[in-house]
Engineer: 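Dropping the structure in here first, questions after.
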Amino acid sequence: MNREAPKPRLWDPATEAPADWGAAQDALADRAVRLALERSREASGRLGEAGILRPERRGVAGLRRVPVLAKDDLPDLQAGDPPFAGMLGVDLSALRRIHRSPGPINDPEGRRADFWRMAAAFTAAGFRAGDIVLNTFSYHLTPGGHMMDAGLREVGCVVVSGGVGNTSGQAAFASQIGATGYVGTPQFLLALLERAAAEGVPLSFRRALVSGAPLPPALRKELEGRHGVSVFQAYGIADAGAIGYECAAKDGWHVAPGVVVEVLDPATREPCGPGTPGQVVVTSPNPVYPLVRFGTGDLSAFMPDACGCGRMSARLAGFLGRVGEGVKVRGMFVHPRQLAEALAGQPGVARYQAAVTATGYRDILTVLVEAEPGRKLNLEGLDARLQEATRLRAAVEAVEPGTIAEDARPLVDLR
């Protein structure tokens with residue numbers, strides 16, 4: 001007797017599998033424009049430049065002339081017009097929390113449950129009500145921990161607020177309470193599993209939702225094949241929430257419900273065809289923080305074929321690089337302005353350059369510093385300033401004069 005394959009469980013069939021995906025995206029775009037014109041000084045200005053002064057049915061194609069706002073521009077915009085550069089759609093008193101991401105960038109959190117719309121990603125990854133899940137994203141200042149926490153609670157999971165670091169302690173706690181799920185970077189998941197194995201601590205992780213760092217095929221194979229953890233990826237940013245996530249097929253990132261995604265040529269700002277890489281640009285009809293054509297700085301491409309999981313959404317072909325200045329290190333963005341904040345003008349510092357490399361699956365941030373003639377560098381002091389500015393530990397090394405070129409980029413990614 002032949003049996004039909006079980007249908008995938010969707011968080012919201014109406015938004016994940018609409019009859020017409022393109023029409024659904026057009027409706028979201030129109031709603032975002034209406035909210036932006038009503039609530040966002042910043043977006044209203046860019047819409048005005050494109051001749052959009054009132055809400056009408058335009059759809060995604062109607063946004064073609066609207067300039068893209070780069071995420072990398074937010075720190076300067078917010079510094080000049082604090083705290084949210086005219087982008088906040090509600091009074092500050094209506095927020096639940098205010099976060100600060102590296103950049104620095106101020107991020108609002110509204111009072112709506114699952115504010116960043118992560119529940120669909122957790123459902124696609126197989127998380128269910130009652131699952132005990134260790135969340136290892138930071139709960140301190142940055143929004144990552146709260147983003148995932150809210151989505152897990154919306155699904156009905158029990159959240160263990162692990163935060164970052166303390167590998168042995170988190171492994172022991174996860175073992176003691178029988179946690180079956182993990183949320184965090186894939187690199188920290190491997191570190192937890194290896195530390196637990198070395199210390200004889202049994203872990204019960206069956207599935208993981210990872211984000212914030214690349215997941216090379218070899219790492220996924222090791223996590224799933226050697227350690228038996230089914231690993232799913234999610235892609236999101238604090239400004240717009242969930243952007244994409246994997247289904248059971250693990251073949252590309254489905255565009256998340258509630259957000260419009262375009263892939264645009266970084267030079268021409270024209271839409272890229274399927275398979276052609278471009279910048280991921282999002283439009284979000286969020287009443288608290290309406291966004292219109294917000295450039296993430298991330299590169300991806302739309303996949304040309306449909307997925308057999310039942311979702312009608314377009315899919316992104318994963319992370320293909322960056323067009324912005326920021327570089328992600330161990331799940332945290334590092335920006336040249338943070339390096340300047342920590343090092344520029346410090347006694348004895350002539351030049352500096354930060355480089356990101358990788359050993360195995362671990363990111364390494366190394367900062368080379370040249371001293372001014374006749375001056376001695378206080379490396380411990382510079383290390384402390386860098387850690388305060390970036391919230392990451394870096395290896396600070398003094399180098400001979402002339403090692404760093406005068407026109408060298410302050411931050412390079414050598415991975």
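If you're wondering where the values come from, they're calculated on a predicted model, not measured in any experiment.
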Engineer: Return the CG to CG distance between L209 and L189, rounded to the nearest 0.5 Å.
Structural biologist: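 Interatomic distance, L209 CG to L189 CG, rounded to 0.5 Å: 11.0 Å.
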Engineer: At what distance, to the nearest 0.5 angstrom, does CZ of R97 lie from CG of D107?
Structural biologist: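 The CG atom of D107 is 13.0 Å from CZ of R97, to the nearest 0.5 Å.
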Engineer: Check V261 against I243 and note the closest heavy-atom contact, atom names and distance.
Structural biologist: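 What the structure gives for the nearest pair is CG2-CG2, 3.9 Å.
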Engineer: So does E42 pair up with R46, basic N to acidic O under 4.0 Å?
Structural biologist: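 Between R46 and E42 there is a salt bridge, with a charged N closer than 4.0 Å to a carboxylate O.
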Engineer: F127: which residues meet the ring-ring contact (aromatic ring centres under 6.0 Å, His included) condition with it, sequence neighbours left out?
Structural biologist: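 Result, ring-ring contact (aromatic ring centres under 6.0 Å, His included) vs F127: F122.
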Engineer: Ignoring hydrogens, what is the shortest heavy-atom contact between Q25 and V259? Give both atom names and the distance.
Structural biologist: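 Of all heavy-atom pairs spanning Q25 and V259, the closest is NE2-O, 3.0 Å.
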Engineer: Indicate yes or no for a side-chain donor-acceptor contact from Q353 to the backbone of R409 under 3.5 Å, with no hydrogens or angles considered.
Structural biologist: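 Answer holds: yes.
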Engineer: I'd like to know if the side chain of R337 and the backbone of P104 have a donor-acceptor N/O pair within less than 3.5 Å.
Structural biologist: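 The answer is no, because no donor-acceptor pair under 3.5 Å joins these two groups.
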Engineer: Using a 4.5 Å cut-off on heavy atoms from C-beta on, say whether the side chain of L77 contacts that of L69.
Structural biologist: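 Side chain of L69 against side chain of L77, heavy atoms only: contact under 4.5 Å found.
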Engineer: Do side-chain atoms of T180 reach the backbone of R206 as a donor and acceptor pair under 3.5 angstrom?
Structural biologist: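 Side chain of T180 to backbone of R206: no pair is present.
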Engineer: Tell me every residue that passes salt bridge (Lys or Arg N to Asp or Glu O under 4.0 Å) with D363, counting only those two or more places apart in sequence or in another chain.
Structural biologist: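 Listed in chain order: R415.
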Engineer: Decide yes or no for Q346 and Y352: does some side-chain heavy atom of the first lie under 4.5 Å from some side-chain heavy atom of the second?
Structural biologist: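 Sidechains of Y352 and Q346: no contact.
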Engineer: Is a side-chain donor or acceptor of D30 paired with a backbone partner of G59 at a separation under 3.5 angstrom?
Structural biologist: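 Flag set: sc D30 to bb G59 pair under 3.5 Å.
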Engineer: Could you grab the distance from atom CG of D383 to atom CG of N378, nearest 0.5 Å is fine?
Structural biologist: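 That separation rounds to 10.0 Å.
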Engineer: State whether the side chain of E224 and the backbone N or O of V231 hold a donor-acceptor pair below 3.5 Å, judged by distance alone.
Structural biologist: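 The answer is yes, because a donor-acceptor pair under 3.5 Å joins these two groups.
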Engineer: Please list all pairs meeting ring pair (Phe, Tyr, Trp, His ring centres under 6.0 Å) that have one or both residues in residues 81-103, counting only residues at least two apart or in different chains.
Structural biologist: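 Sorted result for residues 81-103: H99-W116, H99-H146.
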Engineer: Give the minimum heavy-atom separation between A36 and L47, together with the two atoms involved.
Structural biologist: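 Of all heavy-atom pairs spanning A36 and L47, the closest is CB-CD1, 4.0 Å.
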Engineer: How about F319: does its CZ atom have over 12 heavy atoms from other parts shown lying under 6.0 Å from it?
Structural biologist: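 Correct, the count exceeds 12.
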Engineer: I want to check something: taking the side chain as every heavy atom from C-beta on, are D251 and M303 in contact at a cut-off of under 4.5 Å?
Structural biologist: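 Yes; the side chains approach each other to less than 4.5 Å.
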Engineer: Atom OG1 of T283 and atom CZ of R31: how far apart are they, to the nearest 0.5 Å?
Structural biologist: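 Going from OG1 on T283 over to CZ on R31, the span is 13.5 Å.
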Engineer: Under 4.5 Å between any side-chain heavy atoms of P277 and C272, yes or no?
Structural biologist: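 They are not in side-chain contact.
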Engineer: Under the criterion side chain to side chain contact (heavy atoms under 4.5 Å, CB included), I'd like the reasoning laid out for I105 against D239: C-alpha separation, chi angles, the key distance, then a yes or no.
Structural biologist: CA-CA 9 Å; I105 295 173; D239 321 86; 4.2 Å; yes
Engineer: How close do V263 and S300 get, heavy atom to heavy atom, and via which atoms?
Structural biologist: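 Minimum heavy-atom contact is CG1-O, 3.5 Å.
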Engineer: Answer yes or no: is there an ion pair linking E246 with K250, defined by an N-O contact shorter than 4.0 Å?
Structural biologist: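 Not counted as a salt bridge, because no side-chain N and carboxylate O are separated by less than 4.0 Å.
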Engineer: At what distance, to the nearest 0.5 angstrom, does CG of L190 lie from OG1 of T185?
Structural biologist: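 Interatomic distance, L190 CG to T185 OG1, rounded to 0.5 Å: 9.5 Å.
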Engineer: Not counting sequence neighbours, list each pair that qualifies as a side chain to side chain donor-acceptor pair (under 3.5 Å) and has a residue in residues 155-177.
Structural biologist: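 Those involving residues 155-177 are S168-R195, S168-E199.
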Engineer: Between R111 (side chain only) and A94 (backbone N and O only), is there a donor and an acceptor less than 3.5 Å apart?
Structural biologist: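 Yes.
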Engineer: Determine whether a donor-acceptor pair (N or O, by modelled atom type, separation under 3.5 Å) exists between the side chain of R100 and the backbone of N106.
Structural biologist: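 Side chain of R100 to backbone of N106: no pair is present.
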Engineer: Could you grab the distance from atom CZ of F188 to atom CG of L193, nearest 0.5 Å is fine?
Structural biologist: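 The distance works out to 10.5 Å.
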Engineer: Report yes if some heavy atom in the side chain of E194 is under 4.5 Å from a heavy atom in the side chain of R226; otherwise report no.
Structural biologist: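 Of all side-chain heavy-atom pairs linking R226 with E194, at least one is under 4.5 Å.
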Engineer: Give a yes or no on whether a salt bridge exists between R207 and D131, defined as a side-chain N under 4.0 angstrom from a carboxylate O.
Structural biologist: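 No, no charged N to carboxylate O under 4.0 Å.
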Engineer: Could you pull out the closest heavy-atom pair between E16 and P257, with the gap in Å?
Structural biologist: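 Answer, listing the atom of E16 first, then P257: CG-CG, 3.5 Å.
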Engineer: Would you call L95 and L88 a side-chain contact if the rule is heavy atoms closer than 4.5 Å?
Structural biologist: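 SC-SC contact between L95 and L88 confirmed.
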Engineer: Show every donor-acceptor pair shorter than 3.5 Å between a side-chain atom in residues 288-295 and any protein atom, with sequence neighbours excluded, or say none if there are none.
Structural biologist:
residue : atom : partner : partner atom : Å
R293    : NE   : L63     : O            : 3.4
R293    : NE   : E262    : OE2          : 3.1
R293    : NH1  : L63     : O            : 3.2
R293    : NH1  : R64     : O            : 3.1
R293    : NH1  : V66     : O            : 3.1
R293    : NH2  : E262    : OE1          : 2.9

Engineer: Output yes when R322 and D298 qualify as a salt bridge under the 4.0 Å nitrogen-oxygen rule, no when they do not.
Structural biologist: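 Yes.
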Engineer: Shortest non-hydrogen contact from E154 to A113?
Structural biologist: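 Looks like OE1-CB, 3.5 Å.
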Engineer: Tell me which pairs pass ring pair (Phe, Tyr, Trp, His ring centres under 6.0 Å) where either residue lies in residues 212-243, with sequence neighbours left out.
Structural biologist: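 Checked against ring pair (Phe, Tyr, Trp, His ring centres under 6.0 Å) - neighbours excluded - the pairs reaching residues 212-243 are Y235-W253.
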